[in-house]
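To start, the structure itself, in structure tokens.
Since the model is a prediction, treat every value here as computed from it, not as a measurement. One is the number of the first residue; the rest follow in order along the sequence.
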Amino acid sequence: MLHMKSWILLFFCIYHTAAAQASEVLSRRLDVTFRQAPIQEALDKVAQLAKFEWSYDASIIDKTKRISLVVNDWTVREILYEILGDAYKLKTNGNYVILKRQNKPPKEVIGYLKDPQSGQRITNATVYDRRTLRATTTDSSGFYRLKVKKSSEIMITRLGYRDTILTVSSTVPRFQKIDLTPIDTSGKEPTPKEAITLAIQNAASDLERFFEANLDKWHSINVEDSLSRRYQISLLPYLGTNHTLSGKVTNHWSLNVIAGHSYAVKKLEIGGVANFTRQRVDGIQVAGALNILRGSCSGIQVAGVYNAVGDTLEGVQVAGVSNWAFSTKGFAIQTAGLVNFGGKNEKGIIQVAGMANFTEKINAAQVAGLINRADEVTGVQIAGLVNTTDTLTGVQVSIFNHAHKVRGIQIGLINTAKEVNGLQIGLLNRSGRRWRPLFNW
């Protein structure tokens with residue numbers, strides 16, 4: 001068995017080494033000088049310098065064409081496109097470069113990005129189609145390749161450079177070398193927007209972090225949060241109509257077959273398992289299991305298991321198991337099969353849970369099968385076992401009720417408070433150090 005494993009390991013090592021070599025052929029850098037050289041001679045010279053073998057039908061080459069070209073530190077791919085134009089298609093197989101003629105315009109744009117001041121290739125720039133939201137990033141040679149339709153608007157964006165738009169049509173060459181204009185920062189480095197956008201802020205679950213790991217983080221740096229779509233459908237985060245830019249897009253209507261990722265939700269989002277949202281939910285968000293929102297919610301979240309709001313809840317959460325909000329503001333309601341966590345709040349919240357509720361302030365009602373806990377209650381606390389608060393202005397109903405200050409009514413088997421300015425009704429009632437049966441006021 002060990003011998004077999006060794007052979008399998010060796011096979012994979014050879015396979016991946018060959019694959020790596022194949023991908024490197026067109027990225028090899030050369031210095032070449034051609035002065036009215038026949039095209040076939042130029043092609044052979046490139047192959048010789050780059051140490052690869054050609055595979056093509058000689059009849060597809062215009063042997064009368066002559067090449068004049070002087071370049072330094074260009075990639076093989078760039079040199080070949082300069083010689084051949086975009087009427088040909090290049091593929092690699094091991095150490096072979098396969099050349100074919102394409103009769104139709106290619107369904108992609110390819111090229112290089114360069115800084116015109118320094119002459120350096122621009123790496124990690126985002127290149128995306130504004131209509132389809134397909135996106136890619138430039139590699140270490142500044143090379144990009146992006147599938148496009150017959151007519152498209154391509155946005156090229158990179159931190160520290162001005163955005164550039166490339167309009168694609170049947171008359172525009174599909175190989176484009178583009179200079180990006182640096183933004184004048186007066187000798188200063190660009191403000192590190194990436195420090196904010198790259199961090200996985202308030203990540204609520206390992207599942208979200210798993211999907212975040214698959215997002216090209218350079219898209220988060222380069223692309224502004226200003227993309228919007230009326231409709232969106234996805235199978236998984238980044239595997240849908242918004243592609244790898246899904247975390248930058250505000251959707252009006254959204255369907256996530258298994259799970260999806262978005263910047264914001266305006267009207268309705270439905271997820272078979274989970275929805276992950278970075279900034280806001282203003283509409284309705286429904287998931288079979290999880291709704292994870294890092295920002296604020298002024299709409300409605302409904303989940304089979306868990307809802308989370310990483311910033312402010314000013315809406316409604318309904319979950320089969322649990323709801324959590326970092327803070328609440330204005331009108332907020334949490335309803336869960338087990339537990340609600342209301343966090344910090346300004347004006348209060350209504351909580352209803354099968355087991356327990358926890359928050360700072362209640363301005364209306366807190367109802368739980370077992371336990372309610374709030375710093376301040378203005379309204380009603382009803383629990384099957386325990387209610388506890390620092391300040392009660394209203395009513396507590398449970399087996400055991402506890403408060404520091406009571407300005408209202410406690411009803412239960414045992415009621416305790418340090419200070420009572422109201423009424424206690426129960427088997428035992430404590431106010432300060434004084435215990436009384438049945439009634440205390």
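With values rounded to the nearest 0.5 angstrom, N401 atom CG is found 5.0 Å from N387 atom CG. We find the CD-OG1 distance between Q117 and T181 to be 8.5 Å, quoted to the nearest 0.5 Å. Between the CD atom of Q176 and the CD1 atom of I154 there is a distance of 10.5 Å, given to the nearest 0.5 Å. Atom CG of L313 is separated from atom CG of L293 by 9.0 Å, given to the nearest 0.5 angstrom. Rounding to the nearest 0.5 angstrom, the gap separating the OG1 atom in T126 from the CG atom in L159 is 10.0 Å. Considering CG of N124 and OG1 of T138, their distance stands at 6.0 Å, rounded to 0.5 Å.
Relative orientation of the H404 and H402 rings is perpendicular, given thresholds of 30° and 60° on the angle between their planes.
Using a 4.0 Å cut-off between charged side-chain N and carboxylate O, K114 and E78 make no salt bridge. Classification of D73 and R29 as a salt-bridged pair holds, one side-chain N sitting under 4.0 Å from a carboxylate O. The pair D390-R373 meets the salt-bridge criterion, since a charged nitrogen lies less than 4.0 angstrom from a carboxylate oxygen.
Residues passing the salt bridge (charged side-chain N to carboxylate O under 4.0 Å, His left out) test with E82 are K177, sequence neighbours excluded. H243 is linked by a ring pair (Phe, Tyr, Trp, His ring centres under 6.0 Å) to nothing, counting only residues two or more places apart in sequence or in another chain. By the ring pair (Phe, Tyr, Trp, His ring centres under 6.0 Å) test, F326 is found to be paired with no residue, residues two or more places apart in sequence or in another chain being considered. Not counting sequence neighbours, T389 has no partner by the side chain to side chain donor-acceptor pair (under 3.5 Å) test.
Remark: the backbone N or O of L146 is not paired with any side-chain donor or acceptor of T136 at under 3.5 angstrom. Side chain of N93 to backbone of Y96: no donor-acceptor contact under 3.5 angstrom is found. Between the side chain of E153 and the main chain of R131, no donor-acceptor pair closer than 3.5 Å is present. Side chain of S398 to main chain of G412: no donor-acceptor pair is present (N/O by atom type, distance under 3.5 Å, no hydrogens or angles). A donor-acceptor pair under 3.5 Å links the side-chain atoms of D115 to the main chain of S118, judged by distance alone. The backbone N or O of A50 sits less than 3.5 Å from a side-chain atom of R28, completing a donor-acceptor pair. Panel note: side chain Q317, backbone W324; a donor-acceptor pair is recorded below 3.5 Å.
The only option from R134, R145, K147 that meets the side chain to side chain donor-acceptor pair (under 3.5 Å) definition with E108 turns out to be R145. Exactly one residue among N340, N291, N275 makes a side chain to side chain donor-acceptor pair (under 3.5 Å) with N307. That residue is N291.
Judged by distance alone, the side chains of Q232 and S262 never bring a donor and an acceptor atom under 3.5 Å apart. Donor-acceptor pairing under 3.5 Å is lacking for the side chains of T250 and R229. Using modelled atom types and a 3.5 Å distance limit, the side chains of N440 and N415 yield no donor-acceptor pair. Judged by distance alone, the side chains of T75 and S141 never bring a donor and an acceptor atom under 3.5 Å apart. In summary, the side chains of E269 and N256 do present a donor paired with an acceptor at a separation below 3.5 Å, with no hydrogens or angles considered. Using modelled atom types, one finds no donor on one side chain facing an acceptor on the other under 3.5 Å when comparing N429 with Q424.
Within the structure, ring-ring contact (aromatic ring centres under 6.0 Å, His included) contacts touching residues 349-386 (residues at least two apart or in different chains) are F341-F358. Listed by first and then second residue, the ring-ring contact (aromatic ring centres under 6.0 Å, His included) pairs that reach into residues 114-166 are Y112-F143, sequence neighbours excluded.
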